[in-house]
Amino acid sequence: MSNLITVFGATGNQGGSVIRTILEDPDLSKRFRVRGVTRDINKKSSKALAAQGVEIVQGNMSSPEDMKRALQGSDTVFLVTNFWEHMSSKPEIAQGKTVADACKAEGIKHLIFSSLIDATKESNGRLVHITHFDGKAEIERYIRQTGLPASFVMPGIFTTELFNLIHKQENGSYILATPTTTQSLAPFIDIAADMGNFVRAAILNKPESSANTVYASSNYYKFDDIPSHFEAATGKKLKVVTVPGEVFRSFLSGFSPEMAEEIYENLMLLEDPGYYAGAVLTSSLNLLSEKPVGLTEFFTRNKDKW
């Protein structure tokens, strides 16, 4: 009889990618039955998953009772928490701990969490406003303390963020403005295509004890590298420029001051200590069953958007 994997955020980018990967993998689809947890079981995307044989359950991550029901009978769990739902790490951390407690009570054999580094700690207190990183790092610490066999898959910068960073100029060329040096390294991931790819690697390399970390990015790219990938795919010119912090912040006038600072510091993280605090990607990439989507391929797939 196949085991049950429960996937949170089933209709989102990360959970959706995990479910697609399992359903399309000849071996994993035999090994696992899939249960998807979502807030709304009646929306179109939930019904589409149900039509593919996914068991869809409604679950409030703040409710211990809901989480007990959602996890019942599960062998493996993929957990992603949503900072952006509340724009605050406090409810996100509380939800993450509630799910972790339910996993411990249920005796989950492998918990896979979509995590990020502790930016405040790794920057020695210099970058203290990247709360969507620090909240996930706190959840990770809590999961480690439970003693559950766990994997922490750390997604890089979503390539879709480039839609917000690259802007067309009046002369038809494009510009990407950053407060960092153009030599700063950015690890990118096509999240919808490849989060499942990296989670599959975590499933197939389950830790026997303690925990392991999978860095989910196709590669490190210097900002100076981005134009060559863009131009190869679109045939259009792109220039990367470094602008002062205050100028960059002025581009974020549509955000609250707190969120603008979070975005600014998130980019400055790339410069020092680095998105993954200097971690090397090679060992994680070597675990993959399929080659991840790189920048040129991403731009090619989306060249009609520029």
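We're numbering straight along the sequence, starting at 1. Just so we're clear, the structure is a prediction, and the values are computed from it rather than from any experiment.
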Compare all side-chain heavy atoms of [X] with those of [Y] and state whether any distance is below 4.5 angstrom.
X	Y	value
I191	P155	yes
L176	F230	no
L204	R31	yes
Y142	D101	yes

Within one Ile-Leu-Val-Met-Phe-Trp-Tyr cluster: [X] and [Y], side-chain cutoff 4.5 Å:
X	Y	value
M154	V77	no
M195	I19	yes
V293	L285	yes
L23	F8	no

Check: [X] side chain, [Y] main-chain N or O, donor-acceptor pair, under 3.5 Å:
X	Y	answer
T242	T180	yes
N82	E85	yes
T131	S89	no
S17	G196	yes

Output every pair passing salt bridge (charged side-chain N to carboxylate O under 4.0 Å, His left out) with a member in residues 285-296, not counting sequence neighbours, ordered by first then second residue. R200-E290
How would you list all residue pairs meeting salt bridge (charged side-chain N to carboxylate O under 4.0 Å, His left out) that involve residues 229-245, not counting sequence neighbours? E231-K237
Contacts of [X] that satisfy side-chain contact (heavy atoms from CB on, under 4.5 Å) - sequence neighbours left out:
X	answer
E258	S256
S123	R126, L127, P273
D66	N60, S63, R69

Residues in ring-ring contact (aromatic ring centres under 6.0 Å, His included) contact with [X], at least two apart in sequence or another chain:
X	result
F32	none
F298	F163
Y215	Y276

With rounding to the nearest 0.5 Å, note down the distance linking CD1 in I117 to OG1 in T213. 11.5 Å
Any chance you could measure L49, atom CG, to R20, atom CZ, to the nearest 0.5 Å? 9.0 Å
For [X], side-chain hydrogen bond (donor to acceptor under 3.5 Å, both in side chains) partners two or more places apart:
X	result
N219	none
R301	E297
S284	none
S151	H110, N212

side-chain hydrogen bond (donor to acceptor under 3.5 Å, both in side chains) assessment of Q183 paired with D224: CA-CA 6 Å; Q183 295 297 300; D224 268 348; 2.7 Å; yes
Go through the steps for Y264 and F251 under the test ring pair (Phe, Tyr, Trp, His ring centres under 6.0 Å), then give the verdict. CA-CA 10 Å; Y264 168 73; F251 300 156; over 10 Å; no
Should the pair Y221 and F188 be assigned to parallel (<30°), tilted (30 to 60°) or perpendicular (>60°) ring geometry? tilted
Just by distance, with hydrogens left out, do T81 and Q95 show a side-chain donor and acceptor under 3.5 Å apart? no
